[in-house]
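For reference, the structure is listed below as structure tokens.
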Amino acid sequence: NVIISNNLTGIGTAPVTAIPTTNGAGNITTNSATLNGSAVFGVCPSTTEKGFVIAKTIDNATPTIGGTGVTKRTVTLGSAGVYTYAETGLASGTSYTYRAYLTDGTTTVYGAPVEFTTLTPAVNDLCGDAVELVVNDPAVNGTMANATISSPFTSSSSNLADVWYKITTTCNGKLTINVAGFSGDLDVGLYASCGTTIKIAGATGATGTSIVNPEVYTTAAILNAGTYYIRVNATNAAAQSSAFTISVNNQIAISTQPADRSVNAGTTAVFSVAASAHVTAYQWQVLTTDVGAVWTNVSTGTGGTTELAKT
């Protein structure tokens with residue numbers, strides 16, 4: 001009789017199941033977010049790829065590779081543990097759902113779906129949506145929160161976000177724009193239309209680009225009547241979400257009107273006014289008839305050249 005005995009011995013590799021975990025999104029803006037996940041790599045078979053799948057929630061609330069409206073974002077395999085992806089080009093004010101995934105080339109496993117919503121931009125984020133201001137009205141409140149850079153301007157370390165206002169003037173004159181009460185550094189500029197980066201020239205020392213608070217922009221020349229656009233721009237991170245106030249004033253404006261006077265016949269009545277510093281000359285008028293309220297220029301005394309009029 002022949003007895004044959006075989007014994008098989010050796011060292012094997014224990015299988016490990018791949019486990020992806022989807023973590024909450026971070027750094028959410030109006031058009032971007034950081035996708036976060038972590039991975040336990042599979043062994044036998046080994047994990048060969050990791051990444052994320054993302055879709056608008058309305059299109060696909062459980063995204064998978066090749067699914068409707070789904071975009072796959074592959075991340076360098078590297079080592080197991082935490083991994084991220086900077087997602088850009090998202091629509092503002094929109095809900096997205098994403099999942100971490102791992103694959104061995106044959107089988108793909110996914111983490112749980114995680115949803116986030118991009119921020120809604122400021123109402124005046126674009127020049128075409130500029131908020132109307134009224135010349136010589138009190139200052140109004142504004143904010144840089146959720147603002148982005150509008151075309152044709154491009155983002156840079158000193159050009160982070162902008163919001164827009166507009167004014168319509170009914171007569172020729174110079175204007176002063178005052179932006180105050182902000183954090184960081186805001187710049188301000190005046191433009192003849194949307195879609196241009198060419199700013200209307202500011203007066204020396206009041207060009208809207210100083211590192212001061214308030215930021216003052218004064219036109220160098222008299223502007224024709226019409227509509228103009230104001231761009232408020234954040235030039236550093238502290239200003240990027242800052243609140244502020246903004247006002248526009250005509251440089252030729254009377255701040256204190258003359259008061260009524262009662263004097264004896266034959267004596268002198270003196271009237272005075274207070275006006276902005278940009279005023280270089282005055283023209284007084286007198287009501288010559290109560291019927292139809294006819295006003296005529298004062299040509300005697302000091303009425304034409306100073307703030308005092310005597311009659």
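All residue numbers in this chain count up from 1 along the given sequence.
- The shortest side-chain heavy-atom distance between Thr245 and Val179 does not fall under the 4.5 Å cut-off.
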Please list every donor-acceptor pair under 3.5 Å in which a side-chain atom of residues 39-55 meets a protein atom from a residue at least two apart or in another chain.
residue	atom	partner	partner atom	Å
Thr47	OG1	Gly42	N	2.7
Thr48	OG1	Thr103	O	3.2
Glu49	OE2	Lys72	NZ	3.3
Glu49	OE2	Tyr101	OH	2.7
Lys50	NZ	Leu77	O	2.9
Lys50	NZ	Ser79	O	3.1

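- Under the 3.5 Å distance criterion, with hydrogens and angles disregarded, a donor-acceptor pair is assigned to the side chains of Thr168 and Thr227.
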(request) Could you walk me through whether Thr148 and Thr30 pass the side-chain hydrogen bond (donor to acceptor under 3.5 Å, both in side chains) test, one step at a time? (result) CA-CA 8 Å; Thr148 63; Thr30 56; 5.2 Å; no

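- The aromatic rings of Tyr96 and Phe116 lie parallel to each other, their planes meeting at an angle below 30°, with 60° marking the opposite boundary.
- Rounding to the nearest 0.5 Å places OG1 of Thr68 at 14.0 Å from NZ of Lys56.
- Ile28 is connected to Tyr98 through a chain of hydrophobic side-chain contacts under 4.5 Å among Ile, Leu, Val, Met, Phe, Trp and Tyr, so both are in one cluster.
- In this structure, the side chains of Ser247 and Asn249 come closer than 4.5 Å at one or more pairs of heavy atoms.
- By the neighbour-count criterion of 12 heavy atoms within 6.0 Å, atom CD1 of Ile58 is sparsely surrounded, having that number or fewer from other residues, nucleotides or ligands.
- Distance check: Ile65 CD1 to Arg99 CZ gives 10.0 Å after rounding to the nearest 0.5 Å.
- Residue pairs meeting the salt bridge (Lys or Arg N to Asp or Glu O under 4.0 Å) criterion with at least one member in residues 102-118, sequence neighbours excluded, do not occur.
- With sequence neighbours left out, the side chain to side chain contact (heavy atoms under 4.5 Å, CB included) criterion links Ser210 to Val212, Glu215.
- Listed by chain and residue number, Ala145 satisfy the side chain to side chain contact (heavy atoms under 4.5 Å, CB included) test with Thr143 (two or more places apart in sequence, or in another chain).
- Considering all non-hydrogen atoms of both residues, Gln240 and Ala161 come closest at CG-CB, 4.3 Å.
- A distance-only check finds a donor-acceptor pair linking the side chain of Asn159 to the backbone of Thr154 [under 3.5 Å].
- Listed by chain and residue number, Thr21, Asn36, Ser38 satisfy the side chain to side chain contact (heavy atoms under 4.5 Å, CB included) test with Asn23 (two or more places apart in sequence, or in another chain).
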(message) Run the side chain to side chain contact (heavy atoms under 4.5 Å, CB included) test on Leu102 and Thr108 for me, step by step, so that the C-alpha distance in whole Å, both residues' side-chain angles and the decisive distance to 0.1 Å come before the verdict.
(response) CA-CA 6 Å; Leu102 299 173; Thr108 301; over 6 Å; no

(request) Could you give me the CA-CA distance, side-chain angles and deciding distance for Asn233 and Leu186, then say whether side chain to side chain contact (heavy atoms under 4.5 Å, CB included) is met? (result) CA-CA 5 Å; Asn233 170 42; Leu186 292 178; over 6 Å; no

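- The two residues Val232 and Phe244 make their nearest non-hydrogen contact at CG1-CZ, 4.3 Å.
- When side chains are defined from C-beta on, Thr218 does not count as touching Lys174, because their heavy atoms never get closer than 4.5 Å.
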(request) May I have the step-by-step check of side chain to side chain contact (heavy atoms under 4.5 Å, CB included) for Met144 and Val163, ending in yes or no? (result) CA-CA 7 Å; Met144 298 300 299; Val163 292; 3.7 Å; yes

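- Rounded to the nearest 0.5 angstrom, Leu126 CG and Ile149 CD1 are separated by 11.5 Å.
- Residue pairs meeting the disulfide bond (SG atoms under 2.5 Å apart) criterion with at least one partner in residues 80-149, sequence neighbours excluded, are Cys127-Cys194.
- In this structure, the side chains of Thr169 and Leu175 come closer than 4.5 Å at one or more pairs of heavy atoms.
- Leu133 pairs by the side chain to side chain contact (heavy atoms under 4.5 Å, CB included) definition with Val140, Tyr165, Ile167, Ile230, Ile246, Val248, not counting sequence neighbours.
- Counting heavy atoms from C-beta on, the side chains of Lys199 and Thr209 come closer than 4.5 Å.
- Residue pairs meeting the disulfide bond (SG atoms under 2.5 Å apart) criterion with at least one partner in residues 63-113, sequence neighbours excluded, are absent.
- Closest of all the heavy-atom pairs between Val135 and Asn250 is CG1-N, 3.5 Å.
- Side-chain contact between Thr117 and Ser95 is present, with heavy atoms from C-beta onward closer than 4.5 Å.
- Of the inter-residue distances, the one linking Ser158 atom OG with Asn236 atom CG reads 9.5 Å to the nearest 0.5 angstrom.
- Shortest non-hydrogen contact noted between Ala225 and Thr170 is CB-C, 3.6 Å.
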Please set out all donor-acceptor pairs under 3.5 angstrom arising from side-chain atoms of residues 85-94, sequence neighbours excluded.
residue	atom	partner	partner atom	Å
Glu87	OE1	Arg73	NE	2.9
Glu87	OE2	Arg73	NE	3.3
Glu87	OE2	Arg73	NH2	2.9
Thr94	OG1	Ser92	O	2.9

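- Nearest heavy atom pair, residue Asn60 against residue Gly67, reads ND2-C, 4.0 Å.
- Pairs passing the ring pair (Phe, Tyr, Trp, His ring centres under 6.0 Å) check and including a residue from residues 205-235, sequence neighbours excluded, do not occur.
- Residues forming a side chain to side chain donor-acceptor pair (under 3.5 Å) with Thr17 (at least two apart in sequence, or on another chain): none.
- Asn124 contributes no side-chain N or O that, together with a main-chain N or O of Asp129, makes up a donor-acceptor pair within less than 3.5 Å.
- Across all non-hydrogen atoms, the minimal contact from Leu190 to Thr219 is CD2-CG2, 3.7 Å.
- For residues 178-197, the set of pairs meeting the side-chain hydrogen bond (donor to acceptor under 3.5 Å, both in side chains) definition, not counting sequence neighbours, comprises Asp185-Thr235.
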